[in-house]
2 protein chains.
Amino acid sequence: MLLEERVCELTGTKCLRSLEKVHHPVSKPLSKTRLELIEAAGRLSQLVGRPRTIGQIFGLLYLSPRALTLDEIAELLEISKASASTGTRQLLALHAIRQVWKPGDRKDFLEAEPELREVLRGVYQLFFAPKLTKTRGRIDLLLETLDGDRKAGTIDDEEYRFCRDRLLQMSHLQGKVEKVLPIAEKFL
Amino acid sequence: MLLEERVCELTGTKCLRSLEKVHHPVSKPLSKTRLELIEAAGRLSQLVGRPRTIGQIFGLLYLSPRALTLDEIAELLEISKASASTGTRQLLALHAIRQVWKPGDRKDFLEAEPELREVLRGVYQLFFAPKLTKTRGRIDLLLETLDGDRKAGTIDDEEYRFCRDRLLQMSHLQGKVEKVLPIAEKFL
DNA sequence: GTATTCGTTCAATCCGAACTGAACGTTCCG
DNA sequence: CGGAACGTTCAGTTCGGATTGAACGAATAC
């Protein structure tokens, strides 16, 4: 096997790293279905601007009949344990997955929240909703900034009225979105 | 000024490129309000996984009392004309901005769609809706793949039933989302 | 005709987020 | 006590998408 000696620049310690595409010995090969869902979930995840790993981990767990450990996740997805750790913690924060403990085993076992509605709810409540309320504050701030701009003489009256009108429109839509989304969620 | 000679690797032609941070001579400095909205729109854009430039261009145009040309957009946002071009074309595809032509001027003038609801509608219809229907197809395909997995003996009956159940749940939620979103849009 | 002035396209570069290996803190076991 | 087995953290690297300069085609101007 082709190997490369690497020196950790921080500590000076050495390690060997394989240059070949290592084929991790998978405990039990994943079915085609699971592999495809993992890929699809990964794409979906990065479609909405999240790291691909997050989606992959959830996809893996969602089709997993039993809870998996961090090491199993890392092995099955062929990612580092570090990635698996950060990914699972993010998913835990979103309430998309849960930790379960098995008696007599120190490992954390992870399983997907089975109710997809809850997952969506978590993503909305903990990810989108905060951004929405922040946006509201920012628009209000912009209206003040605009008044400042006029007083400072940076803009003329026509531009002032124009911008004010548009900012108010933004504020209006923002308010409606904030009202409609929770209602829509009820109908899922 | 610090200059660097660069040779285009494709054609062998040479050019000088400034290494200093060039401070473009802005035709008319933007007001603080517009600058802040541009920044916020840029962040919002990359929050949902789109390039920052897209949001910035829309933000600029939305608070612009008059339509702007490609060159003005590039100059005001301090981005290349190439970026401005690709960005505006994406926004045009989403119906978020429009082209207007002024008699006796060869340039394209660009202005934001004033009705934000229309912008949202465009983003949904032309960006999200296609992904949603594709997802439906993909879930159906996964159900077939799952049958294949069982026949191939890759999975046992228990795993088959488990995965089938979860895939059906996905299908169910997907259907509901596809129904609810257009209705929610009506209420904006 | 040739020379500009547009917008677009494309290979190459750049940049930042995602990922990684190694170190670390903790807990459990002998 | 070690030391092994965990999960987490962090500096450093990788990598893919955003961005760019240059080339290009089309339309106009001279």
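Lettering follows sequence order; numbering is per chain, from 1. Atom set for the values below is all heavy atoms of this structure, side chains included, hydrogens, waters and symmetry mates excluded.
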Charged N-O contact under 4.0 Å between A:R34 and B:E159: yes

When rounded to whole Å, the CH2 to P distance for the pair B:W101 and C:dC6 reads 16 Å

* Taking only side-chain nitrogens and oxygens of B:R52, does any of them come within less than 4.0 Å of OP1 or OP2 of D:dT19? -> no

Atom CD of B:E72 and atom C1' of C:dG7 are separated, to the nearest Å, by 15 Å

Against the side chain of A:L70, the closest entry in D:dT20, D:dT8, D:dC6 is D:dT8

Please confirm whether the shortest side-chain N or O distance from A:S80 to OP1 or OP2 of C:dG21 is below 4.0 Å. no

Discussion item. On the nucleotide C:dT20, are OP1 or OP2 found under 4.0 Å from the side-chain N or O atoms that A:S83 carries?
Written reply: yes

Result for 5'-nearest mapping on DNA chain D, choosing between A:R89 and B:K81, is A:R89

- Measure distances between side-chain N and O atoms of B:R106 and base N and O atoms of D:dT28, and say whether any donor-acceptor pair falls under 3.5 Å. no

In whole angstroms, the gap separating C1' of C:dG7 from CG of B:L68 amounts to 16 Å

Between CD1 of B:I54 and C1' of D:dG17 the distance, given in whole Å, is 13 Å

Taken to the nearest whole Å, CD/A:E78 to P/C:dT20 is 11 Å

Sorted by position of nearest nucleotide on DNA chain D, 5' first, the leading residue of A:F109 and A:Q46 is A:F109

Of the candidates C:dT20, D:dT8, C:dG7, the side chain of A:I79 sits closest to C:dT20

So, is B:R50 close to the D:dG17 phosphate, meaning a side-chain N or O under 4.0 Å from OP1 or OP2?
no

- Query: Is there a side-chain contact between A:R43 and B:R138 (heavy atoms, below 4.5 Å)?
  - Reply: yes

* Residue-phosphate contact under 4.0 Å: B:T53 side-chain N/O, D:dT19 OP1/OP2 -> yes

Atom NZ of B:K107 and atom C1' of D:dA26 are separated, to the nearest Å, by 17 Å

Taken to the nearest whole Å, CG/A:L77 to P/C:dA18 is 17 Å

Atom CD of A:E75 and atom P of C:dT20 are separated, to the nearest Å, by 14 Å

Is the shortest side-chain heavy-atom distance between B:R166 and A:L37 below 4.5 Å?
no

Quick one: does NZ or CZ of A:K107 land under 6.0 Å from the six-membered ring centre of A:F109, within 45 degrees of the ring axis? no

Worksheet item: Is any side-chain heavy atom of A:L30 closer than 4.5 Å to a side-chain heavy atom of A:I38?
Response: yes

Taking C:dG7, D:dT9, D:dG7 as options, the one with an atom nearest any side-chain atom of B:D71 is C:dG7

